Trainee: 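Pasting a structure below so you can have a look.
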Amino acid sequence: MRIATWNVNSLRSRIDRVEAFLARHDVDVLAVQETKAREDQLPLMGLQAMGYDVAVAGVNQWNGVGLISRVGLEDVQVGFEGMPGWGEPLAAESRAIGAVCGGVRIWSLYVPNGRKPHDPHYVYKLDWLQRLREAAGSWLDGETALVGDWNVCPTDEDVFDPAQFRNSTHVTPAERAAFHAFLEDGYAEVTRKHDPGYTYWDYYRQRFERDRGLKIDFVLASPALAARVTSAFVDREERAGAGASDHAPVVVDLASVVE
DNA sequence: ATGGTTGAACATCAA
């Protein structure tokens, strides 16, 4: 089974690229972030014609997430227990949607950006990650994937110029500790060893063309799922050209379950 | 420090 995660930066404006990506790589499940649309706003006919089911969450224009699956989409959950929201009118937002796809529970996550250290949104980000950790602890036993835009660079290797980011969000010790807490609990980040490259390049200043990016999109797998991972890669080509998202998709291959 | 680009409730906000 092949799963992928991609911050698409608007599913409506990117639908042609999404369909082409799914076909090009023969993807079974795609977790999307920054969908920026309600389900009733989405052109889903193309995806349905390709055999995919779709579930999305989130009503505001920035933070929506979704799952696109052709191997089942069962037990859909919008948000996780204890997930902190933000004030009105964003209270109805959701940054997490989970479902069982092909026997694997997959969570599509859009971790709060944080804006700037000490900003209320940064406090919210750390709180959100802590509450996710508490919920995720009870999912370790099964085959669980926590995928998406974590908005954290876990190491300096994940930043094109660490000096430039010294006073920025994504790299603070508290954010890195919040990310590593999942690893301490038993989750494994399964993409880095196969592809250490960046996953995000800002639209500003030709950052992609100069390969000045960040690695912030990750796939964390429970032990049973991590044991099934055979390969992974960042689809850098998807970031090139006109009409690209500012993130590239991350693809992970799972070995079939041996009967 | 600032600026640059993109998408959306679009001329302002968020990323």
Side-chain angles (χ1 to χ4, degrees), chain A residues 5-21 31-44 56-66 84-96 108-129 147-153 158-172 175 178-179 198-218 234-250:
Chain A
T5 180
W6 187 11
N7 180 323
V8 293
N9 186 17
S10 168
L11 197 44
R12 275 176 286 179
S13 70
R14 214 76 61 205
I15 190 66
D16 290 349
R17 275 187 177 255
V18 169
E19 291 174 4
F21 165 77
V32 287
Q33 300 87 38
E34 287 203 71
T35 49
K36 299 185 177 181
R38 300 183 307 269
E39 189 159 12
D40 61 274
Q41 295 176 301
L42 292 173
L44 300 178
V56 299
V59 299
N60 76 67
Q61 72 187 94
W62 302 292
N63 304 324
V65 292
W86 191 253
E88 295 290 349
L90 304 184
E93 74 176 317
S94 184
R95 299 169 173 273
S108 178
L109 306 172
Y110 181 59
V111 175
N113 175 283
R115 299 192 183 181
K116 285 181 161 50
H118 312 301
D119 186 291
H121 288 84
Y122 174 85
V123 177
Y124 171 58
K125 177 182 194 174
L126 295 177
D127 183 41
W128 197 95
L129 283 167
V147 314
D149 180 353
W150 288 76
N151 271 320
V152 176
C153 301
D158 305 321
V159 189
F160 67 87
D161 183 357
Q164 187 178 134
F165 277 73
R166 194 166 295 133
N167 297 313
S168 303
T169 183
H170 293 54
V171 304
T172 65
E175 289 167 278
F179 182 88
Y198 302 137
T199 63
Y200 162 84
W201 299 259
D202 206 306
Y203 286 126
Y204 303 158
R205 306 177 72 169
Q206 300 188 300
R207 288 263 174 87
F208 178 69
E209 289 74 8
R210 298 189 296 155
D211 196 25
R212 296 170 71 77
L214 305 177
K215 192 172 190 66
I216 55 177
D217 299 271
F218 296 103
V234 179
D235 181 15
R236 285 179 60 100
E237 291 181 19
E238 182 52 58
R239 178 61 182 83
S245 170
D246 43 1
H247 292 249
V250 180

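Since we're looking at a predicted model, the values are computed, not measured. Chain naming here is simple, since letters A, B, ... match the order of the sequence lines and numbering starts at 1 in each.
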Trainee: Using the closest heavy atom to pick a nucleotide of DNA chain B for each, name whichever of A/Gln164 or A/His247 lands nearer the 5' end.
Mentor: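 Of the two residues, A/Gln164 wins.
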
Trainee: Per the atom types in the model, does the base of B/dA15 pair as donor or acceptor with the side chain of A/Tyr110 at under 3.5 Å?
Mentor: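 Counting by modelled atom types and ignoring angles, no donor-acceptor contact under 3.5 Å is found here.
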
Trainee: Output the single nucleotide from B/dA9, B/dG7, B/dA15 whose closest atom is nearest the side chain of A/Tyr204.
Mentor: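 For the A/Tyr204 side chain, the nearest candidate turns out to be B/dA15.
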
Trainee: Counting the atoms with a prime plus P, OP1 and OP2 as sugar-phosphate, which does A/Gln33 contact under 4.0 Å by heavy atoms, base, sugar-phosphate, or nothing?
Mentor: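 Nothing, no nucleic acid heavy atom in range.
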
Trainee: Are A/Trp150 and A/Leu129 side-chain neighbours, meaning at least one heavy-atom pair lies under 4.5 Å?
Mentor: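 They are in contact (side-chain heavy atoms under 4.5 Å apart), so the answer is yes.
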
Trainee: In whole Å, what is the span from the NE2 atom of A/His121 to the P atom of B/dA14?
Mentor: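 It works out to 7 Å between those atoms.
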
Trainee: Would you say A/Gln206 places a side-chain N or O within less than 4.0 Å of OP1 or OP2 belonging to B/dT6?
Mentor: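 No.
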
Trainee: Would you classify B/dA11 as syn or anti? Syn applies when the glycosidic angle is within 90° of 0.
Mentor: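 Anti, angle beyond 90° from zero.
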
Trainee: Heavy-atom distance under 4.5 Å between the side chains of A/Thr169 and A/His121, does that happen here?
Mentor: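 In short, these two side chains do not touch, never coming nearer than 4.5 Å.
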
Trainee: If I take atom CG in residue A/Asn151 and atom P in nucleotide B/dA15, what distance separates them, rounded to the nearest angstrom?
Mentor: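 In whole Å, B/dA15 P and A/Asn151 CG are 8 Å from each other.
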
Trainee: Where each residue is assigned the nucleotide of DNA chain B containing its nearest heavy atom, which of A/Asp202 and A/Gly114 is assigned the position nearer the 5′ end?
Mentor: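 Counting from the 5' end, the first nearest nucleotide belongs to A/Asp202.
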
Trainee: With rounding to the closest Å, how many angstrom separate the C1' atoms on B/dA1 and B/dT12?
Mentor: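 My reading of the C1' atoms in B/dA1 and B/dT12 gives 22 Å.
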
Trainee: Using the P atoms only, state how far B/dA9 lies from B/dA15, rounded to an integer number of Å.
Mentor: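 Nearest-Å result for B/dA15 against B/dA9 at atom P: 16 Å.
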
Trainee: Can the ring centres of A/Phe165 and A/Phe160 be said to be less than 6.0 Å apart?
Mentor: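 Centroid distance A/Phe165-A/Phe160: below 6.0 Å, so yes.
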
Trainee: Pick base, sugar-phosphate or nothing for A/Arg14, based on heavy-atom distances below 4.0 Å to the nucleic acid.
Mentor: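 Answer is sugar-phosphate: A/Arg14 comes under 4.0 Å of backbone atoms only.
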
Trainee: Taking only N and O in the side chain of A/Arg12, is any of them less than 4.0 Å away from OP1 or OP2 of B/dG7?
Mentor: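 For B/dG7, neither OP1 nor OP2 has a side-chain N or O of A/Arg12 closer than 4.0 Å.
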
Trainee: What nucleotide among B/dT6, B/dA8, B/dA9 has an atom nearest to a side-chain atom of A/Tyr203?
Mentor: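 Looking only at side-chain atoms, A/Tyr203 lies closest to B/dT6.
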
Trainee: Side-chain donor-acceptor pair under 3.5 Å between A/Lys36 and A/Asn9, yes or no?
Mentor: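 Result is yes, a qualifying pair exists.
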
Trainee: Tell me which nucleotide among B/dA8, B/dA9, B/dA15 gets nearest to the side chain of A/Ser10.
Mentor: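 Comparing B/dA8, B/dA9, B/dA15 against the side chain of A/Ser10, the answer is B/dA8.
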
Trainee: Rounded to whole angstroms, how far apart are CZ on A/Arg115 and C1' on B/dC13?
Mentor: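 The distance from CZ of A/Arg115 to C1' of B/dC13 comes to 8 Å, rounded to the nearest Å.
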
Trainee: May I ask you to test the A/Asn113-A/Lys125 pair for a side-chain heavy-atom distance under 4.5 Å?
Mentor: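 No, every pair of side-chain atoms sits at 4.5 Å or beyond.
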
